[in-house]
Amino acid sequence: MTALTHALGDSATMVRRQVKHMWRYPSVTLMLIGMPILMLLLFVYVFGDAMGTGLGGDSGGRAAYLDYIVPGILLMTMATTAQGTAISVAMDMSEGIVARFRTMAIARVSVLTGHVVGSLIQALFAVTVVTGVAVLLGFRPSAGPGEWLAAVGLVLVVSFALTWLTVALGIASGSVENASNVPMPLMFLPFLGSGFVPTDTLPSGLRWFAEYQPFTPIIETLRGLLMGTGIQDSAPLALGWCAAIALASYLWAKRLYNRDPSV
Amino acid sequence: MTPSPARTAVAAAGLRKSYGDQTVLDGIDLDIPAGTVYSLLGPNGAGKTTMVKILTTLIGADEGRMRILGHDPVREPDAVRAGIGVTGQYSAVDGLLTGEENLRLMADLHRLGRRAGRRRGAELLERFDLTDAARKPAAAYSGGMRRRLDLAMSLVGDPRLLFLDEPTTGLDPRSRRGLWDIIRGLVADGVTVFLTTQYLEEADRLADRIAVLDRGVIAAEGTADELKRRVAGGHVRLRFDTAAGLDDAARLLGGRRDDEALALQVPGDTGVTGLRSLLARLDDAGIAVEELSVHTPDLDDVFLALTGHGAGDGAGTQNPPVHAQRKAA
């Protein structure tokens, strides 16, 4: 029991540390939010009209495309935040402070849970801001309170999984430079799924990949919750993927963190 | 393994560690009484940091037995961690937080509680002369300030055993002296200190016992005086009034002459008996000595004599072998 309360107390201390970092250096958070907003503006105002018509919906055009891509943009927001986590984990590991934590009688994993929970807070904030911008641009979700709640839950679950993945990548990368590059594919996966165009418009090889990669069911579930499109089996698939990614990444990160650091 | 763990802070036998086929530590034995300063002296690459990492539970040893404050660091790492403080070679402060926040972070992790934590933080800031910089981010601190904050953070939990891994490397002489004073103050409070250093003077000034670590083995161990006595590096320097006197003495005693200063360096026994017989020989030969001085070896001599190479001569060092050059001159 005391072991658990200690672990919780230490993790809370580490979360406070992360929040202080974010609070003191808001430029990092702003950059993480700015990137998906830029993408949103680019896609809506540059490609939006042509793409919206291609969707073949009843209204078509820019407004329809905005509604279509917001879930993908939100997933991209979560991916960017997770990338920020990889960088801050790598920075931590390269500094002496983590060596200090390792020589203290504290719950070992609290360093990592501090990063994960801090990153979840950041992701929730970023997703809220990006959604707000989308609404200002004319995004009109059809979700009721229940759907909104479910959407927030999904955002947390996805961010949780992605963050554990990038925590592991951050440790494995060995340097801040690598850590900022390694999670890059996460940024592109929404493009190679149903984030920006329906998968049935893709050439066959790519379509096969897009339909089976984890981001597609996540985007479809989020879109279904927000816009009332069909979810079908996307929800269990999305949750299954998240659980698998989170568990595997957690175990990987923990093993990496607990191994003997080299000289 | 240790009869009275309360009186022995660190005990180790046969510690070995290698990375691949490179042996870093090759059978180290330690026995450090509580309340003393023990210094591991050696050049870069001798294995000092690896030793500290093993004793502070950061990495495991390949072989050997240890007791730190009466606990086995492999089986009960948290019991060891609860009693130690570590200040490594590289600053272990959170550069994004202020000095005050760094100390509060440590206080929270030591579960001191809000009020006690604040009090302890303020006390340490005061003691380490950081009160003025308390609200600045640690990244903006100078090297000396960072090192002081680092040490202050190690002390938040009131450790009984403090590991200092090259605490003054890279500091200017004034900061170094300041840190030495702080370390002496800690020892006066009863803290056991395990200090690694590549500075012979530092070990000489601070340590009760010194172990000379060379390429993974302890080449010699003892008090500074004991180590110096083990070296036949002492000499007697004689100065004469006239060149004739110098010539006569050089013919009689050998040694190294310094014609400019009219002086002669005679190596050998610098004890009372040796001096008496030296003076008797000079007297018998009727040579007048203007001035006589006795030079006992310093730790530089010790290092050279014990390891066969200079202190700056170890593997992987960037320092020029200053000592070896001086010896050769």
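The structure displayed is predicted, hence computed values, not measured ones.
- Residues A:H21 and B:D94 meet the side-chain proximity criterion, which asks for heavy atoms closer than 4.5 Å.
- The closest side-chain heavy-atom distance from A:T13 to B:L105 is below 4.5 Å.
- Only the side chain of B:R111 comes within less than 4.5 Å of a heavy atom in chain A; its backbone stays farther off.
- Within a 6.0 Å radius of OH in B:Y199, more than 12 heavy atoms belonging to other residues, nucleotides or ligands are found.
- The CG atom of B:N102 sits 5.5 Å away from atom CD1 of A:I97, with the distance rounded to the nearest 0.5 Å.
- To the nearest 0.5 angstrom, A:R16 atom CZ is 11.5 Å from B:L97 atom CG.
- Atom CZ of A:F191 has more than 12 neighbouring heavy atoms from other residues, nucleotides or ligands inside a 6.0 Å radius.
- Between chain B and the options A:G9, A:A107, A:G96, A:A12, the largest number of non-hydrogen pairs under 4.5 Å is found for A:G96.
- Applying the 6.0 Å contact sphere to CZ of A:F101 captures more than 12 heavy atoms from other residues, nucleotides or ligands.
- The number of heavy atoms from other shown groups lying within 6.0 Å of CE (A:M187) is above 12.
- Judged purely by distance below 3.5 Å, without hydrogens or angles, the side chains of A:R100 and B:S154 pair a donor atom with an acceptor atom.
- The shortest non-hydrogen separation linking A:A105 to B:A82 is CB-N, 3.9 Å.
- Under the 4.5 Å side-chain criterion, counting only non-hydrogen atoms from C-beta, B:L96 is not in contact with A:K20.
- The parts of B:V86 that come within reach of chain A are both its backbone and its side chain, each placing non-hydrogen atoms under 4.5 angstrom from that chain.
- By the 4.5 Å heavy-atom criterion applied to side chains, A:T103 and B:F163 are not counted as neighbours.
- Counting only distance, with no hydrogens or angles, the side chain of B:R81 and the backbone of A:R102 share a donor-acceptor pair below 3.5 Å.
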Next on the checklist: Could you go through A:R24 and B:E101, starting from their C-alpha distance and side-chain angles, then the distance that decides it, and tell me whether this counts as salt bridge (Lys or Arg N to Asp or Glu O under 4.0 Å)?
Outcome noted: CA-CA 12 Å; A:R24 187 139 311 145; B:E101 287 167 341; 2.6 Å; yes
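- There is no contact between B:P159 and chain A, counting heavy-atom distances below 4.5 Å.
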